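What follows is a single structure, written as structure tokens, with notes after it.
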Amino acid sequence: MTDLLPTTRTDAFDPPAELLSDPRPLRRMTFADGHRGWLVTSHELARAVLADARFSSRQELRRVVVPRPSVDELQAGKPASPGFFIVMDPPEHTRYRRLLTGQFTVRRINRLLPRIRQIVTEHLDAMRRSGPPADLVPAFALPVPSLVICELLGVPYADRERFQRDTAELLRLDATDEQAGTAMNSLTGYLSGLIEAKRARPSDDLLGGLVAGGELTGAEITGIAFLLLVAGHETTANMLGLGTFALLRHPAQFDALREGRVSVDAAVEELLRYLTVVQFGTTRTAVEDVELGGETITAGESVAVSLPAANRDPARFAGADTLDLAHDASGHLAFGHGVHQCLGQQLARIELRVGFAALAERFPSLRLAVPPEDVPLRGDMAIYGVHRLPVTW
Amino acid sequence: MIEADPEVCIAAGMCALTAPAVFDQNDDDGTVVVLDGTPQGADADAAREAVELCPSGALSWRDS
Ligand code: HEM
Ligand code: SF4
């Protein structure tokens, strides 16, 4: 009997059964690097850990959760690269985050709405022209968030093949250290070149603004660009792809959305909760002894917080294991909690709302083009989802 | 009544999303701005929910 993080799924949408069947909200877990730490699966304790400054996000203290680390764990144990604030604690974290938050407010993001609608419509029109059938992932789920984040940052979309390949490589759990290292260097090299170019020729976009602000070094802006690009497109893309798969497997729910019996805002929150694509969750390391759920987490021990399990906690969500777009999913932890709660969440929400609403409206007869068991799942990736989604209409 | 600490706020925007009549976000750095410190009725319920959801603990509700 091992106590590694359970990762084997038996259903396309449910987290691994052993994550949910164990009633203990806090239990010992062996990390992939052999560290004896802890696993949190309840909503209450997940919130408590993520909101507590005694649990650090610093990269120096990180440990690897599953055998193939995610992007932010690749460098576990080493100092954070400049600008990579997801693996820093306040005050360093706060300094970087504050420079960006003005660009991600509810109001700012709402201003992008017309452009996001246009991007969504163009991709759906193109998908219609090219099919049926079509693979929804390359036709819709991946390019929409990719184009949106590129425009926001000021990364030429024409270069997408390069950075999409590098990010996909970085998020693949079976990549060798060498492959991951090559992808990381390639992406860093590309972005630092881009930022130097913006220094020579000012541009009216997020990265151009950071260059002009004069507060950050080129290396810091490169780190920020890297983080936003990687965090900003794979997550949303997988929510679009897996979310569509879930709606197609729950046709009554898809009808309710199409016919306006549930609001798309509520539907998106429920899909975020039910699917929780950040599948291995987030980890923190205690910097002092902390009493938690009747146990003592000793300074230096790491805690893996399973967001998928917390979002299925029956003590917090009635009918937690069913997808019900009319559920009140507010309080879900799909975007995390505490000072690192997702910076891009308002952007992701708008992209998902516009995306699912347009898909429901424009493709009323959308259905799978293959048996559901033939849809390839991303159990092997840091961000869960579908590799491909063959659809027809 | 609502109290907000912009120093603690991480500008996640949960408050402006949950209770738009009560909270806004500063245009420069996205930190919380209280529009209505003593909301009533449905706005008060929404404000209480926002206090509960705030990821950084920047918001508090003081019964007065
Ligand atoms: C549905 C889509 C998304 C999901 C499920 C998601 C999920 C998350 C989660 C769980 C965290 C917390 C990590 C931690 O606590 O260690 C996070 C942080 C972050 N996300 Fe997202 N995210 C999404 C979309 C985006 C987008 C569109 C952007 C980009 C602009 C973005 C940028 C970030 C950044 C920069 C952080 C780090 C924040 C910090 O450390 O203060 N995310 N995200
Ligand atoms: S919810 Fe909390 S952290 Fe987010 S903007 Fe409002 S006060 Fe700030």
Side-chain angles (χ1 to χ4, degrees), chain A residues 43-44 46-53 57 85-86 88-91 93-111 209 213 215 265-266 268-269 272 282 316 328-350 353, chain B:
Chain A
H43 187 273
E44 184 189 350
R47 260 181 71 112
V49 170
L50 296 175
D52 191 330
S57 280
F85 58 93
I86 195 168
M88 297 179 188
D89 286 345
H93 166 264
T94 327
R95 169 171 170 256
Y96 289 114
R97 184 160 170 137
R98 278 284 166 88
L99 289 171
L100 298 170
T101 42
Q103 310 267 351
F104 288 93
T105 61
V106 174
R107 184 166 341 117
R108 273 296 187 97
I109 295 300
N110 280 338
R111 258 188 244 156
E215 223 170 303
D265 295 13
V268 164
E269 299 307 311
L272 284 163
T282 53
R316 179 64 178 73
D328 178 7
S330 105
H332 70 70
L333 300 178
F335 291 121
H337 186 67
V339 299
H340 291 279
Q341 194 186 58
C342 183
L343 173 72
Q345 59 183 290
Q346 310 311 345
L347 179 60
R349 284 191 166 97
I350 296 287
R353 289 173 188 173
Chain B
M1 107 165 221
I2 294 283
E3 286 183 354
D5 183 350
E7 289 297 310
V8 173
C9 171
I10 49 123
M14 287 307 295
C15 53
L17 199 69
T18 312
V22 182
F23 302 103
D24 196 0
Q25 291 175 276
N26 174 324
D27 263 331
D28 294 334
D29 63 5
T31 52
V32 58
V33 176
V34 177
L35 299 174
D36 177 1
T38 52
Q40 306 296 322
D43 288 340
D45 295 341
R48 280 179 206 273
E49 189 183 350
V51 171
E52 160 70 19
L53 291 179
C54 171
S56 69
L59 304 179
S60 49
W61 180 279
R62 245 185 348 138
D63 284 306
S64 49

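Keep in mind that what you see is a predicted model, and the values were worked out from it rather than measured. Proteins get letters first, then strands, A, B, ... in listed order; numbering begins at 1 in each. FYI, side chains are in, hydrogens and waters are out, and symmetry mates aren't considered; it's all heavy atoms of this structure.
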Show me the donor-acceptor pairs under 3.5 Å between chain B and chain A.
{"from": "B/P6", "atom 1": "O", "to": "A/R98", "atom 2": "NH2", "distance (Å)": "2.9"}
{"from": "B/E7", "atom 1": "O", "to": "A/R98", "atom 2": "NH2", "distance (Å)": "3.4"}
{"from": "B/C9", "atom 1": "O", "to": "A/R98", "atom 2": "NH2", "distance (Å)": "2.8"}
{"from": "B/I10", "atom 1": "O", "to": "A/R97", "atom 2": "NE", "distance (Å)": "3.1"}
{"from": "B/I10", "atom 1": "O", "to": "A/R97", "atom 2": "NH2", "distance (Å)": "3.2"}
{"from": "B/A12", "atom 1": "O", "to": "A/Q346", "atom 2": "NE2", "distance (Å)": "2.8"}
{"from": "B/D24", "atom 1": "OD1", "to": "A/R107", "atom 2": "NH2", "distance (Å)": "2.3"}
{"from": "B/D24", "atom 1": "OD2", "to": "A/R107", "atom 2": "NH2", "distance (Å)": "2.5"}
{"from": "B/Q25", "atom 1": "O", "to": "A/R107", "atom 2": "NH2", "distance (Å)": "3.4"}
{"from": "B/Q25", "atom 1": "OE1", "to": "A/V106", "atom 2": "N", "distance (Å)": "2.9"}
{"from": "B/D27", "atom 1": "OD1", "to": "A/R107", "atom 2": "NH1", "distance (Å)": "3.0"}
{"from": "B/D27", "atom 1": "OD2", "to": "A/R107", "atom 2": "NH1", "distance (Å)": "3.1"}
{"from": "B/D29", "atom 1": "O", "to": "A/T101", "atom 2": "OG1", "distance (Å)": "2.4"}
{"from": "B/E49", "atom 1": "OE2", "to": "A/S330", "atom 2": "OG", "distance (Å)": "2.6"}
{"from": "B/E52", "atom 1": "O", "to": "A/R47", "atom 2": "NH1", "distance (Å)": "3.2"}
{"from": "B/E52", "atom 1": "O", "to": "A/R47", "atom 2": "NH2", "distance (Å)": "2.9"}
{"from": "B/P55", "atom 1": "O", "to": "A/G338", "atom 2": "N", "distance (Å)": "3.2"}

### Message
Holding to side-chain contact (heavy atoms from CB on, under 4.5 Å), I want the full list of residues that pass it with A/A348, two or more places apart in sequence or in another chain.
### Response
A/T236, A/F335
### Message
Please find the pair of heavy atoms, one from A/V106 and one from B/A16, that lie closest to each other, and give the distance.
### Response
CG2-CB, 4.1 Å
